[in-house]
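First the structure, in the form of structure tokens, and then the observations on it.
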There are 2 protein chains.
Amino acid sequence: MPRSPTSQRLTDAAIGLFNERGYDETTVDDIAARAGVSRSTFFRYYRSKEEVIFPDHDALLAKVEARLRASTAGTAIVAICDAVRIVLAHYVEDAEVSLRRYRLVGRVPALRHREIASVARYQRLFREYVGDWLAGTPDAPLRAELMASSVVAAHNQVLRGWLRAGGSYDPFEPLDHALQYVIRTFRHLENMEGPREGEDQVVVAAFPRSASPDDVMDAIRAHLGSRQ
Amino acid sequence: MPRSPTSQRLTDAAIGLFNERGYDETTVDDIAARAGVSRSTFFRYYRSKEEVIFPDHDALLAKVEARLRASTAGTAIVAICDAVRIVLAHYVEDAEVSLRRYRLVGRVPALRHREIASVARYQRLFREYVGDWLAGTPDAPLRAELMASSVVAAHNQVLRGWLRAGGSYDPFEPLDHALQYVIRTFRHLENMEGPREGEDQVVVAAFPRSASPDDVMDAIRAHLGSRQ
DNA sequence: GAATGCTGTGAGACTCAGTATCGTACGCTT
DNA sequence: AAGCGTACGATACTGAGTCTCACAGCATTC
């Protein structure tokens, strides 16, 4: 959904002013004036001065939640690893804005707090999802917390690296690498019980050590494709 | 480090008023009046209205940092597991205040954000410590981030449980149990070499029958990551 | 016993974020 | 053209946080 032109002008004005003279030195009046609207209008579009820097965060969270709900992944950890990709994708999507925001957030404690708080919402979402999934198994809340925090941490680590490098490469490979770490780490925690239904389909495949991930993927894709 | 009587009266007045009529409904003037001092004096002791709820947080962080510096633990993960005990100990020390604050924080978003932000500082401290420790080893930043976030997550999970239960038991046993989990989990991470040369790489995956080929592919891709 | 300097406090003015209310201009339907 | 809803601007208000200044208490020093 394309944001309204007014809201777009407001964020542009805000980011511009924040970079020119700093966050604290910029008043909401300044932003509204540059955007050519009144102060009232600013607060109609954004509930606070901070929010102008983090628009569509709620929407993103909702998207992640939807993906999680629709997930048919085999394990909880894979489901949330999959979902966290959406978050990274969102940052990559308009890298320009992400980078400017990153530099800003690094300098302004209030914004940093805001960002941390929003990250905590993802973590909470993941925690609840995994908690439901594992319900009944031993130490479910603890394992849920650990898995959620690890996936979020992996994402953040990759994102930070990418932002620090000025968004100069494709961050999904490092993300996969990091999530791979997490999944392997938690596999022994997750599979304490066997598959939940007796009717699972099982894939067993053996490859030479020299096979690259792509080789593996191709072979499995070919196999799955034949069974549709 | 006994806090000054004025500062003590201020926090008492604040917590009392917050509980009686709510956080937003209490002004700094109200707090100052009940404590028998002026508004100016309030802001001399606390930089903000939020801070009155989280006194000595900086001191605690410093204590944790000192413990970390003095640590002689054999591995980074054990060192930060050890350090995080100080944090729990601080909450347990005056359980009364911790519990009242917990109930308050649960109801007031502004305070929740504040708390989350302060937790993030521990995590950052741990991350940097582990990062230094692991410097030079493969994926050091990633593993540092994961270890730090896991230890913090374990602590938070135990703390939340203890607070929800009204502080009715000794939380150090569950903490040890949780940290044991973390340590055991990350031992796996240390031994993460791939299959040995000459042996096949084997993929075994189980999926619900409802899983589409794409689901299977996604899951396997996630497991394989970008490992070459 | 004054003069001096330091420290903690109160008073008041000021800026700005955020909320609430009201009037009004514009576009749309019938 | 009349009616109607929506978006906007204007204005006033509350309260957090900052800053400056004045003053009282209390020591030291000559």
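Protein chains get the first letters and strands the later ones, always in sequence-line order, with residue 1 at the start of each.
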List in chain and number order the residues that pass side-chain hydrogen bond (donor to acceptor under 3.5 Å, both in side chains) with [X], two or more places apart in sequence or in another chain; answer none if no residue qualifies.
X       : value
T72(B)  : none
E173(B) : none
Y46(B)  : S7(B)
R100(A) : none

Note to self: So if I define the base as every atom that isn't primed, P, OP1 or OP2, how would nucleotides 8-19 of chain D read as a B/S/- string at a heavy-atom cutoff under 4.0 Å?
What the structure shows: BBBB---SSBB-

Note to self: For a 4.0 angstrom threshold against heavy atoms of chain B, report the outermost contacting nucleotides of DNA chain C in 5' to 3' order.
What the structure shows: dT9(C) to dG12(C)

Checklist line | Of all pairs that satisfy salt bridge (charged side-chain N to carboxylate O under 4.0 Å, His left out), the ones with a partner from residues 73-87 of chain B, not counting sequence neighbours | finding: R67(B)-D82(B), R85(B)-D176(B)

Next item on the list: For residues 19-37 of chain A, pull every pair meeting side-chain hydrogen bond (donor to acceptor under 3.5 Å, both in side chains), keeping only residues two or more places apart or in separate chains.
Entry: E20(A)-R34(A), R21(A)-D30(A), T27(A)-D30(A)

Item checked: V152(B), L159(B), V87(B) screened by side-chain contact (heavy atoms from CB on, under 4.5 Å) with V119(B), the one that passes -> V152(B)

Next item on the list: Please identify each residue that fulfils side chain to side chain contact (heavy atoms under 4.5 Å, CB included) with T137(B), with sequence neighbours left out.
Entry: L134(B), A140(B), R143(B)

Checklist line | Set of salt bridge (charged side-chain N to carboxylate O under 4.0 Å, His left out) partners for R164(B), sequence neighbours left out | finding: none

Notebook entry, point to check: Taking DNA chain C as the partner, which of residues 103-120 of chain B come within under 4.0 angstrom of it by heavy atom?
Noted result: none

Distance-only check: which donor-acceptor pairs under 3.5 Å involve side-chain atoms of residues 122-131 of chain A, not counting sequence neighbours?
| from | atom 1 | to | atom 2 | distance (Å) |
| --- | --- | --- | --- | --- |
| Y122(A) | OH | H57(A) | NE2 | 3.2 |
| R124(A) | NE | E128(A) | OE2 | 3.2 |

